[in-house]
Amino acid sequence: MAGEVGKLLRAVRLGQGMPQARLYDGLLSQRQAIRLESAHNDLKAELLFPILQRLHLSADEFAALLEHERGVALAEAKPLPPVLAKALAEYTAWGDWPLTEAERTAITRYALTAPVTTLAQIEAMIPLIPVLPEQAEKIWRRLQVFQGLPRYEQLASSWCHTRLFTLLFMGRQKAASQVISRWQTLSDLPGDAKQVRLFMTKLTAALPDANAVYAATDPLITAWRSFNEPVMADGMIDNRRHILSGFNVHDAWRDQEIGAVARLLKAMPKAALAELDTPAYLAKFPGLNEALAQRHATLDDFLEAR
């Protein structure tokens with residue numbers, strides 16, 4: 001047992017890029033720390049809790065990891081290089097942040113190799129599912145270690161949300177329906193997560209009929225606006241349009257869809273907007289420039305279109 005504790009502490013510490021001296025400062029000598037992590041020393045219970053606090057781990061989370069990792073070699077990681085740290089901060093702030101090629105490459109490599117040992121690491125990886133969708137099931141399997149812990153359902157819902165959008169953007173309805181089945185098993189969710197789940201369940205069931213999708217989801221978008229949730233409404237409008245494009249059934253731009261793009265563009269982080277080539281970005285929206293030309297209008301003309 002003592003050896004397992006030390007090995008797990010080492011794996012988690014390295015996964016967070018934390019130096020040994022910082023983790024054990026004031027608690028263990030260098031020799032004691034080395035012997036602990038190499039499974040030669042025991043650790044007093046009163047010392048374990050401050051160590052877990054420094055690793056941002058709850059006792060329950062550590063116990064779940066310990067139970068799962070007996071006899072399993074854990075992945076270890078080095079501190080994040082500056083280009084990756086910057087890219088991750090930008091990407092998680094806004095998924096369309098205009099990253100450089102070096103930043104995109106760094107994120108892709110990270111998604112392939114990063115450890116998913118702790119809940120904090122899993123939480124950091126979930127937004128990267130669209131970058132490397134084949135890693136999604138690995139993250140889900142790892143998350144199952146923590147079933148029953150307080151944060152499990154929150155992160156499981158976040159995984160389902162992100163994975164579902166990724167699959168639907170790719171036009172994969174069958175796989176998306178399987179994710180919805182997982183999402184439906186989660187009961188302890190906040191109201192906003194339940195609303196998004198309902199929206200996505202109705203949308204997925206109505207695909208690939210665009211008219212059926214609009215009919216099923218428009219009432220929910222109207223409800224978000226009535227509850228003073230305009231950003232959520234615009235986000236769902238834009239995601240719906242993106243999904244319909246993924247299924248090749250988005251035949252024409254509605255005024256409210258152009259308005260959602262206009263408002264979301266205005267709301268993006270100022271630092272991202274400063275780096276953005278707006279014409280090139282808008283050219284990525286199939287048919288948008290043509291729709292604006294047909295209306296003899298600019299994007300700003302639709303800021304009030306809801």
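Note that the coordinates shown come from a computational prediction; the quantities given were computed from them, not determined experimentally.
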Checklist outcome for this item: Residue set satisfying ring-ring contact (aromatic ring centres under 6.0 Å, His included) with Phe169, at least two apart, ordered chain then number -> Phe165, His242
Item to check | Residues that Asp238 engages under side-chain hydrogen bond (donor to acceptor under 3.5 Å, both in side chains), provided they are two or more places apart | outcome: Arg241
Close side-chain approach of [X] to [Y], heavy-atom, < 4.5 Å:
X	Y	value
Phe146	Leu65	yes
Arg295	Ile258	yes
Arg182	Trp159	yes
Asn41	Leu28	no
Met200	Leu168	yes
Gln135	Ile129	no
Leu119	Leu57	no
Leu128	Ile139	no

Would you name the heavy atoms of [X] and [Y] that are closest together and state the gap between them?
X	Y	result
Pro219	Tyr214	CD-O, 4.4 Å
Pro208	Phe247	CB-CD2, 4.2 Å
Tyr91	Pro127	CE2-O, 3.2 Å
Phe302	Leu292	CE1-CD2, 3.8 Å
Gln173	Thr204	NE2-O, 2.8 Å
Pro130	Pro133	O-CD, 3.7 Å

Could you give the distance from [atom1] ([X]) to [atom2] ([Y]), rounded to the nearest 0.5 Å?
X	Y	atom1	atom2	result
Leu8	Glu37	CG	CD	10.5 Å
Glu46	Leu27	CD	CG	10.5 Å
Gln195	Met232	CD	CE	7.0 Å
Asp300	Lys266	CG	NZ	4.0 Å
Ile180	Leu164	CD1	CG	5.0 Å
Leu189	Trp183	CG	CH2	8.5 Å

Checklist entry - So Leu9 and Leu52, side-chain contact (heavy atoms from CB on, under 4.5 Å) or not? Walk me through it. => result CA-CA 9 Å; Leu9 288 173; Leu52 294 182; 4.2 Å; yes
Next on the checklist: Just to verify, what does Thr278 make a side-chain contact (heavy atoms from CB on, under 4.5 Å) with, not counting sequence neighbours?
Outcome noted: Leu265, Leu276, Leu282
Checklist entry - Would you say the side-chain atoms of Gln144 and Tyr152 include a donor-acceptor pair closer than 3.5 Å? => result yes
Item to check | Test side-chain contact (heavy atoms from CB on, under 4.5 Å) applied to Arg104 and Val131, step by step | outcome: CA-CA 9 Å; Arg104 291 187 181 279; Val131 177; over 6 Å; no
Given 3.5 Å as the limit, does a donor-acceptor pair link the side chain of [X] with the main chain of [Y], or not?
X	Y	answer
Asp218	Ala215	no
Ser157	Gln154	no
Arg172	Leu167	no
Ser226	Ala223	yes
Glu153	Asp188	yes

Checklist entry - How about Arg109: does its CZ atom have over 12 heavy atoms from other parts shown lying under 6.0 Å from it? => result no
Decide whether [X] and [Y] are clustered together by the hydrophobic rule: side chain heavy atoms of Ile, Leu, Val, Met, Phe, Trp, Tyr closer than 4.5 Å, transitively.
X	Y	value
Ile51	Met18	yes
Leu273	Tyr281	yes
Ile126	Leu149	yes
Trp224	Leu198	yes
Phe285	Leu303	no

Next on the checklist: Set out, in order, the CA-CA distance, both residues' side-chain angles and the distance that settles side-chain contact (heavy atoms from CB on, under 4.5 Å) for Arg163 and Trp140, then state yes or no.
Outcome noted: CA-CA 10 Å; Arg163 178 62 169 156; Trp140 177 260; over 6 Å; no
Next on the checklist: With a 4.0 Å cut-off on N to O distance, would you call Asp60 and Arg151 a salt bridge?
Outcome noted: no
Next on the checklist: Taking side-chain hydrogen bond (donor to acceptor under 3.5 Å, both in side chains) as the criterion, tell me which of Arg306, Arg263, Gln256 meets it with Asp234.
Outcome noted: Arg263
Next on the checklist: Walk me through whether Ile34 and Tyr24 qualify under side-chain contact (heavy atoms from CB on, under 4.5 Å).
Outcome noted: CA-CA 10 Å; Ile34 291 172; Tyr24 302 112; over 6 Å; no
